[in-house]
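In this text the structure is predicted, and so the values were computed from the model without any measurement. Below, all heavy atoms of this structure are taken into account, side chains as well, without hydrogens, waters or symmetry copies.
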Amino acid sequence: MDSNTSKLHLCRLEAIIDGGAIAIDTSSEGEAVNLILLRRGDEVFAYHNVCSHAGRRLDYAPGQFLVRKDRLICAAHGAVFDVCSGICREGPGGGGLSAVAVCAIDGEVYLAG
């Protein structure tokens with residue numbers, strides 16, 4: 001049995017522009033969640049699409065994010081988060097974003113675990 005069959009498929013790696021981000025609706029423990037997937041080369045970083053400052057979505061339009069120079073900017077309040085760590089670097093973002101483990105294997109992105 002292929003080890004990837006036990007992982008939840010999220011998208012193809014090519015669906016995420018290198019240096020960009022997309023939103024994905026999925027479920028975790030039976031609850032619907034919206035995730036941000038950010039790509040840097042062959043690496044993908046994922047976070048819950050919820051700003052740690054006010055609990056609002058980070059996108060300025062559904063699935064559209066402000067990403068500049070490895071920083072994700074909250075469209076609501078301007079908090080600036082590091083793409084690779086989710087840590088808030090500027091603004092009212094508190095401690096940071098809630099990370100979700102993902103992996104990219106053979107051009108496909110999966111929820112890890």
Side-chain angles (χ1 to χ4, degrees):
M1 174 190 260
D2 183 355
S3 64
N4 294 338
T5 59
S6 64
K7 294 177 177 29
L8 179 63
H9 182 262
L10 297 174
C11 68
R12 293 199 42 77
L13 182 63
E14 67 188 20
I16 313 166
I17 295 170
D18 194 4
I22 63 169
I24 294 286
D25 288 316
T26 189
S27 63
S28 176
E29 299 178 10
E31 290 188 37
V33 294
N34 186 262
L35 301 178
I36 306 165
L37 302 180
L38 300 118
R39 179 178 172 192
R40 295 295 167 274
D42 290 334
E43 287 188 282
V44 178
F45 303 92
Y47 304 97
H48 287 273
N49 187 8
V50 178
C51 181
S52 56
H53 168 240
R56 296 185 56 183
R57 289 175 60 118
L58 293 147
D59 38 3
Y60 62 87
Q64 302 295 310
F65 298 93
L66 301 169
V67 182
R68 304 286 184 271
K69 298 182 182 178
D70 289 333
R71 299 290 192 257
L72 171 66
I73 304 161
C74 175
H77 296 106
V80 179
F81 300 94
D82 182 83
V83 165
C84 300
S85 69
I87 293 171
C88 182
R89 298 293 184 194
E90 296 176 36
L97 302 175
S98 178
V100 176
V102 296
C103 56
I105 302 169
D106 297 329
E108 304 291 341
V109 180
Y110 299 92
L111 196 60

Nearest-0.5 Å distance, [atom1] of residue [X] to [atom2] of residue [Y]:
X: Asp42; Y: Asp18; atom1: CG; atom2: CG; result: 8.0 Å
X: Arg40; Y: Asp70; atom1: CZ; atom2: CG; result: 5.0 Å
X: Asn49; Y: Phe65; atom1: CG; atom2: CZ; result: 4.0 Å
X: Glu43; Y: Leu13; atom1: CD; atom2: CG; result: 10.5 Å
X: Glu108; Y: Glu14; atom1: CD; atom2: CD; result: 8.0 Å

- Query: Is the side chain of Arg39 donor-acceptor paired with the backbone N or O of Gly41 at a distance under 3.5 Å, no angle test?
  - Reply: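 A pair under 3.5 Å: yes.
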
Same hydrophobic cluster for [X] and [Y], using side-chain heavy-atom links shorter than 4.5 Å among ILVMFWY?
X: Leu35; Y: Leu8; result: yes
X: Ile24; Y: Val50; result: no
X: Ile36; Y: Ile87; result: no

May I ask you to test the [X]-[Y] pair for a side-chain heavy-atom distance under 4.5 Å?
X: Asp82; Y: Arg71; value: yes
X: Leu97; Y: Leu58; value: yes
X: Val33; Y: Thr26; value: yes

Which atom pair, heavy atoms only, marks the closest approach of [X] to [Y]?
X: Ala21; Y: Val67; value: CB-CG2, 4.0 Å
X: His9; Y: Tyr110; value: CA-CD2, 3.7 Å
X: Tyr47; Y: Val83; value: OH-O, 2.7 Å
X: Phe81; Y: Cys74; value: CE1-CB, 4.3 Å
X: Ile22; Y: Cys11; value: CD1-SG, 4.0 Å
X: Phe45; Y: Cys84; value: CD2-O, 3.5 Å

